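Input: a single structure, listed below in structure tokens.
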Amino acid sequence: TIHVARGVYDEGCMSASDTKGFNRIVVPAGVRVVADEGRDVTVIEGAMAEPPDARIQNAGSGTNSLRVAFLRDNARMEGFTLRNGFAQAWEAEKGEYGGGVYAAKSSVVVDCTITNCHAVGAAAAYRAKLVNCAVVGNRSVYGYRVAVTDSDGIYGCSFKDTASDQGNQGHLTDVREIVNCTFDDSCPGMRLTTDVAVDVYNSIFLSDPIYSAGTGVICAFKNCILSRTPSASSEKYSLDGDCKVDASFALGRDLSPLSE
């Protein structure tokens with residue numbers, strides 16, 4: 001375990017053949033990195049591309065931009081604010097995903113805030129499991145892969161103010177388990193591509209829960225509160241008897257309930 005003192009960490013660059021571009025930090029396989037005093041006082045920052053003509057569509061991502069963190073197998077980060085990260089390029093092999101975090105699927109991000117990060121897709125996090133994280137104000141340059149993509153699970157997380165340059169089509173794409181999470185109405189909850197089975201437990205959606213779903217998708221909602229039924233065709237999802245569809249349900253800006 002590596003312990004990190006309070007502070008703002010905004011210098012240095014780490015890169016290797018497998019790190020999909022430039023990163024402020026790379027967490028080695030099996031290593032746990034912990035902010036001793038928590039996310040409010042421990043910040044790791046990425047950086048936008050410089051000079052401005054190196055940027056993609058003026059979004060800050062580009063040939064020499066820095067994402068915040070790259071996590072290798074079974075790595076773990078706890079207690080940070082990860083902000084102002086910019087994935088590098090358009091091509092997937094060069095790291096267009098994950099402005100905040102690009103990770104092996106076995107890695108975990110815990111008790112972190114991921115904010116103001118940018119990428120072609122998966123602006124906040126690509127592949128990592130997220131636990132008790134706040135995902136706030138992240139922006140995708142391209143369409144549907146907005147905040148988090150291709151994760152095996154998110155748990156106890158909140159999503160707010162997600163944006164895309166080409167239309168808001170989901171906070172999530174192809175996340176396989178969602179537990180105790182809250183999604184604001186800045187964009188739909190999910191876009192599911194093909195052959196994905198998704199289980200959603202005890203979560204709140206203030207906008208369309210599923211904007212679209214491809215072939216072979218099955219999404220099961222269990223004990224959830226939905227502001228509306230999903231736009232996806234009815235064979236793509238199920239609502240158990242404990243789910244509630246309530247257009248009047250509302251949350252404040254801090255995502256606390258305004259109505260029962």
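Computed from a predicted model, the values in this text were never measured in an experiment.
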Where do [X] and [Y] come nearest, in terms of heavy atoms and distance?
X	Y	value
Ser151	Ala128	OG-O, 2.8 Å
Asp36	His3	OD1-ND1, 2.8 Å
Arg139	Ala123	O-CB, 3.2 Å
Ala29	Arg72	N-CB, 3.6 Å
Gly216	Lys236	N-NZ, 4.0 Å
Cys224	Asn202	SG-N, 3.8 Å

Check: Thr193/Asp174 side-chain N/O donor and acceptor closer than 3.5 Å
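Checked: Thr193/Asp174 side chains pair up, N/O donor to acceptor below 3.5 Å.
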Would you say His118 and Asn84 are linked by a side-chain donor-acceptor pair, where the criterion is simply a distance under 3.5 Å?
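Their side chains do not contain a donor-acceptor pair, so the 3.5 Å distance test is not met.
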Is a donor on one side and an acceptor on the other found under 3.5 Å between the side chain of [X] and the backbone of [Y]?
X	Y	result
Thr182	Ile204	no
Asn180	Ser203	no
Asn23	Met14	yes
Arg67	Gly98	yes
Ser107	Ala75	no
Ser212	Arg191	no
Thr81	Arg39	yes
Thr162	His171	no
Asp240	Asn223	yes
Ser207	Asp185	no

Heavy-atom side-chain proximity of Arg228 to Asp208 below 4.5 angstrom:
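With C-beta onward as the side chain, the pair touches.
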If you define the side chain from C-beta out and look only at heavy atoms, does anything of Val148 sit under 4.5 Å from Phe159?
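Yes. Closest side-chain heavy atoms under 4.5 Å.
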The single option from Val200, Ile154, Asp152, Val198 passing side chain to side chain contact (heavy atoms under 4.5 Å, CB included) against Val175:
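Of all the options given, the one that passes is Ile154.
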Checking side-chain hydrogen bond (donor to acceptor under 3.5 Å, both in side chains) for the pair Tyr201/Glu177: CA distance, chi angles, key distance, verdict?
CA-CA 8 Å; Tyr201 303 90; Glu177 186 172 59; 4.5 Å; no
Taking it one step at a time, do Met190 and Phe205 satisfy side chain to side chain contact (heavy atoms under 4.5 Å, CB included)?
CA-CA 10 Å; Met190 293 178 278; Phe205 293 81; 4.2 Å; yes
List the steps, then state whether side chain to side chain contact (heavy atoms under 4.5 Å, CB included) holds for Leu71 with Val108.
CA-CA 8 Å; Leu71 278 62; Val108 184; over 6 Å; no
Only one of Tyr126, Tyr102, Tyr97 passes ring pair (Phe, Tyr, Trp, His ring centres under 6.0 Å) with Phe70; say which it is.
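Checked Tyr126, Tyr102, Tyr97 against Phe70; only one passes ring pair (Phe, Tyr, Trp, His ring centres under 6.0 Å): Tyr102.
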Is Arg24 salt-bridged to Glu45, cutoff N-O under 4.0 Å?
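The answer is no: the pair does not qualify as a salt bridge.
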Does Arg176 pair with Asp150 as a salt bridge, N-O distance under 4.0 Å?
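Salt bridge: yes.
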What's the spacing between [X] [atom1] and [Y] [atom2] if we round to 0.5 Å?
X	Y	atom1	atom2	answer
Asn74	Ser106	CG	OG	4.0 Å
Leu192	Thr215	CG	OG1	12.0 Å
Asp10	Arg83	CG	CZ	8.5 Å
Leu172	Cys157	CG	SG	9.5 Å
Lys222	Asp242	NZ	CG	11.5 Å
Leu206	Asp246	CG	CG	10.5 Å

Mind checking what makes ring pair (Phe, Tyr, Trp, His ring centres under 6.0 Å) contact with Phe80, not counting sequence neighbours?
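Partners of Phe80 by the ring pair (Phe, Tyr, Trp, His ring centres under 6.0 Å) criterion come out as none, since no residue qualifies.
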Shared hydrophobic cluster for [X] and [Y] (ILVMFWY, side-chain gaps under 4.5 Å):
X	Y	value
Val27	Ile2	yes
Val33	Val110	no
Leu239	Ile178	yes
Tyr155	Val196	no
Ile25	Val4	yes

Applying side chain to side chain contact (heavy atoms under 4.5 Å, CB included) to Leu82 and Met77, what does each step give before you reach the verdict?
CA-CA 10 Å; Leu82 310 176; Met77 291 189 73; 3.9 Å; yes
Glu11 atom CD: more than 12 heavy-atom contacts under 6.0 Å:
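Atom CD in Glu11 is not packed in, count stays at 12 or less.
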Is the Tyr237 ring parallel, tilted or perpendicular to the Phe221 ring (thresholds 30°, 60°)?
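Plane angle over 60°, so perpendicular.
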Chi angles and distances behind the side chain to side chain contact (heavy atoms under 4.5 Å, CB included) call for Val101, Val68
CA-CA 6 Å; Val101 177; Val68 180; 5.9 Å; no
Would you be so kind as to tabulate the donor-acceptor pairs closer than 3.5 Å made by side chains of residues 129-138, with sequence neighbours excluded?
residue: Asn138; atom: OD1; partner: Asn116; partner atom: N; Å: 3.3
residue: Asn138; atom: OD1; partner: Cys117; partner atom: N; Å: 2.9
residue: Asn138; atom: ND2; partner: Ile114; partner atom: O; Å: 3.1
residue: Asn138; atom: ND2; partner: Val136; partner atom: O; Å: 3.4

For the pair Asp161 and Ser186, evaluate side-chain hydrogen bond (donor to acceptor under 3.5 Å, both in side chains) and give the outcome as yes or no after the intermediate values.
CA-CA 5 Å; Asp161 297 335; Ser186 59; 5.1 Å; no
